[in-house]
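Presented below is the structure to which this report refers.
For clarity, every value in this text was computed on a predicted model and none was experimentally measured.
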Amino acid sequence: MIIRLAKNEQDLSQILALQALNHSSTVTEDVAQSQGFVTVKHDLNVLKRMHEAAPSVVATVSEKVVAYALAMTTDFKQELPELIGFFVQLDKATYQGRLLRDIPYLVMGQVCVAVEARGQRLVDQMYDFMEQTYRQQYDLFVTEVAADNTRSMRVHERADFVELFRHRDLGKEWVMLVKEWNS
């Protein structure tokens with residue numbers, strides 16, 4: 001298993017394939033409850049632009065992507081309709097008495113692990129790699145998780161994310177989470 005930055009279009013295409021297999025519209029309710037799910041579908045062009053701004057982290061076995069953690073800068077506020085509400089909330093949020101928009105932060109755009117690679121704490125390893133890669137540029141790592149995605153909530157808690165607040169968008173409850181890198 002190798003944890004590294006995504007490096008080419010083949011990696012990005014494999015991210016999209018893994019995303020499609022684990023999207024909330026694809027998995028059964030039982031799988032969603034026990035294994036988690038992803039909620040946003042990216043297209044290759046957006047993913048390429050995200051990669052150019054801040055490469056995402058992948059876990060690979062023999063060059064096959066078995067897990068990913070998408071990095072996203074705030075430049076992508078308007079790129080994904082599903083995330084516009086998320087960014088609107090972030091623009092109003094405060095962290096330790098400061099407006100979040102005044103603190104350099106990187107967005108964790110999505111994390112996913114293939115069925116055959118689960119149980120190895122790959123998310124923890126990818127987040128550690130991401131922190132080492134980006135901590136000089138960003139003070140915080142921010143994400144949101146659907147409140148009913150209990151597996152993802154547990155993983156983020158274990159990775160030392162703390163809850164900023166909750167809000168409703170697109171008919172769901174979302175939990176805004178933050179992790180300090182440069183404390």
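Each ring-ring contact (aromatic ring centres under 6.0 Å, His included) pair with one or both residues in residues 106-130, not counting sequence neighbours, appears once here: Tyr127-Phe141, Tyr127-His156, Tyr127-Phe161. Applying the ring-ring contact (aromatic ring centres under 6.0 Å, His included) test to pairs two or more places apart or on separate chains, none has a residue in residues 73-104.
Applying the side-chain contact (heavy atoms from CB on, under 4.5 Å) test to His167 and every residue at least two apart in sequence or in another chain returns Gln89, Glu144, Phe165, Asp169, Trp174, Met176. Here Arg49 pairs with Glu79 under the salt bridge (charged side-chain N to carboxylate O under 4.0 Å, His left out) rule; sequence neighbours left out. Lys92 meets the salt bridge (charged side-chain N to carboxylate O under 4.0 Å, His left out) test with no other residue; sequence neighbours excluded. Looking at residues two or more places apart in sequence or on another chain, you find a side-chain contact (heavy atoms from CB on, under 4.5 Å) between Val115 and Arg118. Residues satisfying the salt bridge (charged side-chain N to carboxylate O under 4.0 Å, His left out) criterion with Glu116, sequence neighbours excluded, are Lys64. Applying the salt bridge (charged side-chain N to carboxylate O under 4.0 Å, His left out) criterion to Glu157, with sequence neighbours excluded, gives no partner residue. For Glu163, the side chain to side chain donor-acceptor pair (under 3.5 Å) test picks out Arg166, with sequence neighbours left out. The side-chain contact (heavy atoms from CB on, under 4.5 Å) search around Ala17 returns none, not counting sequence neighbours. Scored by the side chain to side chain donor-acceptor pair (under 3.5 Å) test, Arg158 finds Asp124 as partners (sequence neighbours excluded).
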Show me the donor-acceptor pairs within less than 3.5 Å that the side chains of residues 98-107 make with the rest of the protein, sequence neighbours left out.
unit_1: Arg98; atom_1: NH2; unit_2: Asp102; atom_2: O; d: 3.3
unit_1: Arg101; atom_1: NH1; unit_2: Asp91; atom_2: O; d: 2.8

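Counting only heavy atoms from C-beta outward, the side chains of Ile15 and Leu18 never approach each other to under 4.5 Å. Glu131 has its side chain within reach of Lys179: a pair of non-hydrogen atoms, C-beta onward, lies under 4.5 Å apart. Looking only at side-chain heavy atoms (C-beta outward), Val113 and Gln120 stay at 4.5 Å or farther from each other.
Tested against Val178, the residues Thr143, Asp139, Leu90, Val142 include a single side chain to side chain contact (heavy atoms under 4.5 Å, CB included) partner, Val142.
Remark: the backbone N or O of Tyr138 is not paired with any side-chain donor or acceptor of Arg135 at under 3.5 angstrom.
Between Leu12 and Ala6 the shortest heavy-atom distance is CD2-CB, 4.3 Å. The two residues Leu5 and Asp11 have their closest heavy-atom pair at O-OD2, 4.4 Å. Contact between Ala59 and Met126 at its shortest, heavy atoms only, is N-SD, 4.0 Å.
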